[in-house]
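Input: a single structure, listed below in structure tokens.
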Amino acid sequence: TTASCESRRRVLGKGMEGNGTSIRLVTRSSKLALWQTEHVRDLLLGIYPTTKIEILPVKTLGDLVLDKPLSEIGGDGVFTKELDRALLSGAADAAVHCVKDLPTRLPDGLRMACILERGDVQDCVIFHAKHRSAGVQSFSDLPEGSIIGTSSLRRTAWLSRASGRKLQFRDIRGNVQTRMAKLDSGDYDAIVLAATGLRRVGLADRVHEVLDEQEHYYAVGQGALAVVVREDREDVQRLLQPLHHEGTEKECRAERSLLRTLEGGCKLPVAVLSERRGKELTLAARVLSRDGETCVEDSHTGSLESPEDCGVALAKKMLSNGADAVLNAVRSETETSGAAAWPAPRQAPEM
């Protein structure tokens with residue numbers, strides 16, 4: 001609204017109305033990534049209507065290598081490294097990311113300038129038309145032997161465990177539209193995606209079942225967008241500050257500190273559930289084996305003002321209960337199947 005835009009302008013004070021200001025937003029080139037970047041652009045233009053904003057689409061390693069599972073391409077950063085290089089070289093001023101795609105340690109010289117209010121966190125299922133015609137309404141209705149498409153080890157592991165039936169999980173790569181086309185062509189009986197992604201690209205009508213987050217959990221950072229900038233670009237950080245959502249930031253900081261302490265990596269089978277109640281934050285998590293047979297699960301409640309402490313405390317509990325052995329086994333299995341070596345993450349300041 002006009003009133004909210006005026007209040008956001010006042011946060012920055014005089015001289016930051018956007019007159020003569022320009023900003024270059026780098027993003028992946030998929031329809032979903034472009035929607036997310038255009039969303040950030042539109043929010044900024046609502047605050048700074050005279051600012052010139054340019055969108056720079058690029059293709060990342062994860063966009064180009066489509067014949068291997070994400071877990072086998074090379075660990076974290078498969079959707080971010082090209083955007084990082086654009087920022088560090090000065091070719092772009094800010095990069096728009098899904099938080100769940102960001103490594104838990106950003107490259108030296110980069111930081112998250114803001115995290116937007118979280119959208120839907122749930123996963124969803126889309127069934128092939130033949131199953132819809134046969135009356136399939138939920139994942140539990142699918143017959144044994146059904147072929148499920150997902151690029152996520154987390155989803156594969158949990159749904160294998162939760163279904164209690166013999167299902168075939170096969171990797172599916174490409175953007176949202178490509179995956180939907182593969183489903184419609186009959187390559188899969190169902191596919192599992194993040195619900196918010198389908199809604200953002202106008203495909204909400206294709207969502208057949210939304211998986212309850214209280215039962216199924218979700219990926220670290222799922223549903224949240226972040227804007228990354230160079231640490232020395234304080235001007236861009238001030239420009240982005242009105243988009244920041246503190247509650248979402250607290251949840252993401254807790255989730256990311258959990259994953260960082262587990263050294264799980266954003267492509268391994270780790271699932272979370274964050275809940276804010278008053279001044280407290282409760283974080284629950286699961287670490288799963290690839291086949292879902294083994295699951296280490298726990299939760300921790302801490303102060304909302306110290307979200308990283310909550311994530312670290314939970315991770316330490318889970319590591320002492322066997323999560324390290326589960327993750328080591330997953331890493332070993334992934335490397336054996338042809339993945340690149342897992343690089344040691346680099347330290348950088350976190351929000």
Side-chain angles (χ1 to χ4, degrees), residues 4 7-8 11-12 25 27 36-37 39-41 43-44 46-47 76 79-80 83-84 87 94-107 109-122 194 196 200 213 217-231 233-262 264 266 270-285 299-315 345 347-351:
S4 63
S7 65
R8 287 176 173 179
V11 169
L12 297 178
L25 300 175
T27 177
Q36 291 168 167
T37 306
H39 176 61
V40 170
R41 176 201 62 191
L43 289 174
L44 287 171
I47 305 167
D76 292 345
F79 291 120
T80 62
L83 280 67
D84 294 341
L87 293 177
V96 180
H97 295 279
C98 293
V99 174
K100 70 183 180 70
D101 289 334
L102 287 171
T104 57
R105 291 182 173 92
L106 301 184
L110 299 182
R111 64 160 291 157
M112 284 189 279
C114 67
I115 298 179
L116 281 65
E117 184 172 6
R118 202 167 203 166
D120 297 327
V121 296
Q122 303 100 329
T196 191
R200 285 170 176 168
E213 73 273 19
Y217 292 17
Y218 43 84
V220 166
Q222 185 156 318
L225 298 179
V227 186
V228 173
V229 302
R230 279 200 342 229
E231 286 184 316
R233 291 299 304 273
E234 294 182 4
D235 56 331
V236 181
Q237 293 176 40
R238 287 195 300 270
L239 203 69
L240 292 164
Q241 192 55 37
L243 306 188
H244 187 62
H245 187 265
E246 188 173 354
T248 300
E249 177 208 349
K250 303 286 191 187
E251 293 176 0
C252 290
R253 284 170 61 187
E255 294 168 14
R256 286 167 61 78
S257 69
L258 166 90
L259 194 60
R260 186 163 54 245
T261 306
L262 290 173
C266 62
V270 178
V272 297
L273 174 68
S274 294
E275 295 182 295
R276 286 176 279 136
R277 296 189 188 91
K279 296 182 179 180
E280 290 186 334
L281 173 66
T282 297
L283 178 63
S299 64
H300 183 81
T301 298
S303 170
L304 192 59
E305 297 307 310
S306 303
E308 284 99 345
D309 292 344
C310 183
V312 170
L314 176 56
Q347 180 67 50
E350 290 288 329
M351 288 191 62

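Salt bridge E213/R118: absent, no basic N to carboxylate O contact under 4.0 Å. A salt bridge links R253 with E308: the distance from a Lys NZ or Arg NE/NH1/NH2 to an Asp or Glu carboxylate oxygen falls below 4.0 Å.
By the 4.5 Å heavy-atom criterion applied to side chains, E249 and E246 are counted as neighbours. A heavy-atom distance below 4.5 Å is found between the side chains of L225 and C98. Side-chain contact check for L116 versus L43: some heavy-atom pair is nearer than 4.5 Å. You'll find the side chain of H39 stays beyond 4.5 Å of the side chain of R200, heavy atoms only. In this structure the side chain of V272 reaches within 4.5 angstrom of the side chain of L258, judged on heavy atoms. With a 4.5 Å cut-off on side-chain heavy atoms, S303 and D309 do not count as touching. Residues L240 and L44 meet the side-chain proximity criterion, which asks for heavy atoms closer than 4.5 Å. For the pair R105/R260, a side-chain contact is recorded, criterion being any heavy-atom separation below 4.5 Å from C-beta on.
Here the SG-NZ distance, from C310 to K250, works out to 12.0 Å after rounding to the nearest 0.5 Å. Taken from CZ in R256 to OG1 in T104, the straight-line distance is 6.0 Å, to the nearest 0.5 Å. Here T282 contributes atom OG1 and R277 contributes atom CZ; the two are 5.0 Å apart, rounded to the nearest 0.5 Å. We find the CG-CG distance between L273 and L283 to be 8.0 Å, quoted to the nearest 0.5 Å. In this structure, CG in L259 is found 13.0 Å from NZ in K100, a value given to the nearest 0.5 Å.
Between H300 and L314 the shortest heavy-atom distance is CB-CB, 3.9 Å. The minimum heavy-atom distance between V227 and V96, with the atom names listed, is CG2-CG2, 4.4 Å. Nearest heavy-atom pair across G278 and L304 is O-CD2, 3.6 Å. Nearest approach of S274 to L281, heavy atoms of both residues: CB-CD1, 4.4 Å. When every heavy atom of C252 is checked against every heavy atom of G221, the shortest pair comes out as SG-CA, 4.3 Å. Listed here is the closest heavy atom pair of A284 and Y217: CB-OH, 3.5 Å.
Under the 3.5 Å distance criterion, the side-chain polar atoms of E231 are left unmatched by any main-chain donor or acceptor of R111. The backbone N or O of H97 lies less than 3.5 Å from no partner atom in the side chain of Q36, so there is not a single donor-acceptor pair.
Annotation for E234: atom CD does not count as buried by contact number, only 12 or fewer foreign heavy atoms lying within 6.0 Å.
Checked against D84 for a side-chain contact (heavy atoms from CB on, under 4.5 Å), the options L106, L102, L110 give a single hit: L110.
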